[in-house]
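Note sheet for the following structure.
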Amino acid sequence: MSDLAISEDLRDISVEDFRLRARAWIKANLGPIQPWDISQDCENDEEELVAVARDRALQRKLFDGGFAGICFPREYGGQGLSPAHQRAFNEELVGHEFPSRFAVPTFSPCAAVLLEFGTAEQKAAHIPAILKGDEVWVQMLSEPGGGSDVAGATTAAVRGQDADGDHWILNGSKVWTSRAWWADWGLCLARTNWNVPKHQGLTVFLLPLQQPGVEIHRIERLNGESEACQEFMTDVRIPESDRMGEIDAGWTVGTRWMYHERMGSNSPYVTRPIGISNAAAEGPTPVAIARRVGRLDDPAAQELIGEARELDIVTHALRSRLADAAASGKGNTDSSAIDRLFCGIARVRQSTIAFELAGSSAAGWTEEEEEETGAQGMEFLMRQVSCIGGGTTEIARNVISERVLGMPREASGDRNVAFRDVPRGPARG
Ligand SMILES: Cc1cc2nc3c(=O)[nH]c(=O)nc-3n(C[C@H](O)[C@H](O)[C@H](O)COP(=O)(O)OP(=O)(O)OC[C@H]3O[C@@H](n4cnc5c(N)ncnc54)[C@H](O)[C@@H]3O)c2cc1C
């Protein structure tokens, strides 16, 4: 353990004193940020597994240094400090390596949901393990029949009892689960009652992923990456002790789960350098692209550079404001949908700006050329991802209009019907 580690009782440490400690510890213990910290793109599975091992070790280092789980209660291994302390740490972290594969979804939404709804035993079993880098979690919401209608889940859990005790048998499929192939645990939303309307028959389970009965397939995306997975669960036995929340009340967990999901990297539970947009961190800056293609003096290029910078500034200001509101309990909790919507559309625009700045040099014929040009062409083709992952921007617009602005709810034919009587296409089981 470093000699800067927080060993005494720091319950009352001011944010500024904590910042100074964090600054010194980070400088002494963490190296410079690496490209894969943000983009998380690795060349192949071997490299990805090396990066995973490195992130586990980094998370352990934070834990040993007394900087893991800054806002988590002390009884579960956290520091019991405030979101402002976590924010100060994240500000000091800029420019340094960090365990990026833990940020989302392990800490937010998964650990945040565990903290809110887990039993004392579940929290004691998993939160310290997460803080120490021993457990990576994924979220299992989307299904082949659709991801936006989360409450329409058809993955089914049936209760049983045998000599080994009360348990559930899980059958079905989840899809688009990022990183399931190497993760440890999944938070899984399943249908436990088909005789009530869809929101009333769901339950959440904690599911170890690497076990017989859970078959994990990789899905290759347009950019060649295959971190997205589809899981097929066949007669998977889940002990009753791994049920989270009340039976059939999974939607209560689910609504908070989606809140934490929309908060994403802006959540007070997440350790991640603050103030850099993904777009800025992932590729060359707009200024660097304009320099490369000789357009620094071109007024049209300058306009684009200004616009990209403006989006960064507004994103940062908006996220800070929403995080402050969430931390103080003043904001409408559904306001996280504003963050989700703005970040999605800002990211699309920033990818488009990079593409427009690069012009014909945006695309390379070979991987080497792509590397040289910064792959703006591929970024441009992949841009829509930021409007889909973590729930689509269309759904965020629905949430903002209905739950933040109080506009009427959209029409729905399945709200008061027993779920088994709701017409479903073949993919919905
Ligand atoms: C990078 C990435 C990572 C992801 N990681 C995960 C993960 O770890 N775990 C997980 O469970 N899922 C994950 N997803 C899945 C993601 O949550 C879903 O793709 C998303 O919720 C949309 O679901 P869908 O693709 O099935 O589209 P659908 O739900 O079929 O929607 C199709 C289109 O219709 C629109 N639409 C649907 N309903 C409405 C409505 N009521 N009002 C207006 N428009 C509507 C949608 O916005 C969308 O444009 C990930 C996706 C991506 C891209």
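When a ligand or atom number is given, it counts from 1 through the structure's own listing order. Quantities reported herein were computed from a predicted structural model and do not represent experimental measurements.
- A salt bridge links R243 and E240; the closest N-O separation between the charged side-chain nitrogens and carboxylate oxygens is under 4.0 Å.
- With distances taken over non-hydrogen atoms, the option nearest atom 27 (O) of ligand 1 out of S412, S148, A396, G389 is S148.
- Atoms of ligand 1 found under 4.0 Å from any heavy atom of G146 (numbered from 1 in listed order, with element): 26 (O).
- For atom 35 (C) of ligand 1, the protein comes within 4.0 Å by no heavy atom at all.
- Considering both main-chain and side-chain atoms, V385 never comes within under 3.5 Å of ligand 1 through any nitrogen or oxygen pair.
- Here the options are R101, R218, R54, the test is salt bridge (charged side-chain N to carboxylate O under 4.0 Å, His left out), and the partner is E48; only R101 passes.
- Every atom of ligand 1 with a heavy atom of T177 under 4.0 Å away is listed here by number and element: 7 (C), 8 (O), 9 (N).
- The stretch residues 126-135 participates, sequence neighbours left out, in no salt bridge (charged side-chain N to carboxylate O under 4.0 Å, His left out) pair at all.
- Atom 52 (C) of ligand 1 lies below 4.0 Å from at least one non-hydrogen atom of the protein.
- Using a 4.0 Å cut-off between a side-chain N of Lys or Arg and a carboxylate O of Asp or Glu, E356 and R349 qualify as a salt bridge.
- Nearest residue to atom 21 (O) of ligand 1 from G390, A180, G147, C188 is G147 (criterion: closest heavy atom).
- Legend: ring-ring contact (aromatic ring centres under 6.0 Å, His included) pairs involving residues 318-360, not counting sequence neighbours, sorted by first then second residue: F355-F380.
- With P109 as reference, W257 is the one residue of W137, W257, Y269 to meet the side chain to side chain contact (heavy atoms under 4.5 Å, CB included) rule.
- With a 4.0 Å cut-off on non-hydrogen atoms, R221 touches ligand 1 through its side chain and not its backbone.
- Remark: atom 32 (C) of ligand 1 lies closer than 4.0 Å to no protein heavy atom.
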